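The analysis underlying the following values was restricted to heavy atoms, covering all of them including side chains, and did not include hydrogens, waters or symmetry mates. Reminder, nothing fancy here: chain letters follow the sequence lines and each chain counts from 1. For clarity, every value in this text was computed on a predicted model and none was experimentally measured.
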Protein chains: 2
Amino acid sequence: MNTQTELLTIQEVAEATGLSVHTLRYYERIGLIHSIGRAQNTHRRYSMDDVGWIEFLKKLRATGMPIHQMLRYAELQRMGDETLPERLEMLKELRRNVEAHMAELQEHLKVIQYKIELYGELLAERTP
Amino acid sequence: MNTQTELLTIQEVAEATGLSVHTLRYYERIGLIHSIGRAQNTHRRYSMDDVGWIEFLKKLRATGMPIHQMLRYAELQRMGDETLPERLEMLKELRRNVEAHMAELQEHLKVIQYKIELYGELLAERTP
DNA sequence: TCTTGACTTAGAGTGCGCTCTAAGTTGTAG
DNA sequence: CTACAACTTAGAGCGCACTCTAAGTCAAGA
């Protein structure tokens, strides 16, 4: 167990989040993650809040939000409550995009499904 | 109207499919599209079958299939009916992947939805 | 004391999927 | 006859999101 509030090394955060240590440092460098606290030896020590934020970032990425937009969101977050409306708008736009993307995937899935059935039938004919 | 079976120029196909002429030539170069017929002046002339294949390629891409797999599929297609089983397997794998991806998006959508509601409430408090 | 290994930084390199450029040919309009 | 637009090729370049390298620091264990 750790000192007070359970601080994690970059290795541990990499394992916990599935991001590589390279990516964690990269995200911090570009400003996606605010400056992480350091131990006396300059090594990073991540708080649980940090890990929570990283998990949220992962979700944004997985929904297809480009890094520059995530950067904007992170910036707004750091600016405090007066940026709530803009962040809300970003999330709503993201929701629209994800819903549209899912609808598109659904359509494509139908075509794939159709082709699978067609191929199945053709195969049944060839090897009766 | 064109000669016999309505052949299209690369420009026309670009407009019809939404791919750029650059991308159309690129796809042909790497083997995603078989060699397109030429007019006397060496200019490409696309048949309706060609356009249909390109539309199918677009769907594969839109579902996230990487180019190297699409290449494999195109290769199998050209090899004829004895490759039906492998193509069927590829399509089934694609279906699994798309379904998994959609499920993941659905989960992320929930989190986004939750945050949107949370932010909405916070905003309502701040500006009553 | 020495080695090992986990960390640090700045910056270079990679893979993907295009996207663009340069230089040349061709066919039609004026 | 000339100008122009649309095409052709081979190959270079680009944006994104990482991913890796080199060189250095530091702390703990043999």
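B:E15 places its CD atom 11 Å from the P atom of D:dA6, with the value rounded to the nearest Å. One can place NE2 of A:H43 at 11 Å from P of D:dA28, the figure rounded to the nearest angstrom. Between A:Y46 atom OH and C:dC7 atom P the separation is 10 Å, expressed in whole Å. In this structure, the CG atom of B:N41 is 18 Å from the P atom of D:dA5, given to the nearest Å. Across the protein-nucleic acid pair, B:L19 atom CG and C:dC20 atom P stand 14 Å apart, rounded to whole Å.
The side chain of B:Q11 places no N or O atom within less than 4.0 Å of a non-bridging phosphate oxygen (OP1 or OP2) of D:dA6. Distances shown here put a side-chain N or O of B:T9 below 4.0 Å from the OP1 or OP2 atom of D:dC7. Within the 4.0 Å cut-off from OP1 or OP2 of D:dT25, not a single side-chain nitrogen or oxygen of A:R38 is found.
The main-chain N or O of B:L94 is never found under 3.5 Å from a side-chain atom of B:N97 such that the two would form a donor-acceptor pair. Using a distance-only test at 3.5 Å, with no hydrogens or angles considered, no donor-acceptor pair links the side chain of A:K115 to the main chain of B:L91.
Listed by residue number, A:R25, A:R29 are the residues of residues 22-34 of chain A with a heavy-atom contact under 4.0 Å to DNA chain C. Contacts with DNA chain D (heavy atom under 4.0 Å) in residues 53-71 of chain B: none are found.
Note on B:Q40: nothing from the nucleic acid sits closer than 4.0 angstrom, heavy atoms only.
In summary, B:E107 and B:K110 engage in a salt bridge, as defined by a charged side-chain N under 4.0 Å from a carboxylate O.
In this structure the side chain of B:I116 reaches within 4.5 angstrom of the side chain of A:R95, judged on heavy atoms.
How far CD of A:E15 is from OG1 of A:T9: 7.5 Å, rounded to the nearest 0.5 Å. Summarising the geometry, atom CG belonging to B:L24 is positioned 12.0 Å from atom CZ belonging to B:R29; distances are rounded to the nearest 0.5 Å.
Across A:R61, A:M90, A:E75, a single residue satisfies side-chain contact (heavy atoms from CB on, under 4.5 Å) together with A:M70, and that is A:R61. When each of A:E89, A:E93, A:E86 is tested with A:R72 by the rule salt bridge (Lys or Arg N to Asp or Glu O under 4.0 Å), just one qualifies, namely A:E86.
Between A:F56 and A:Y73, the two ring planes are tilted [angle within 30° to 60°].
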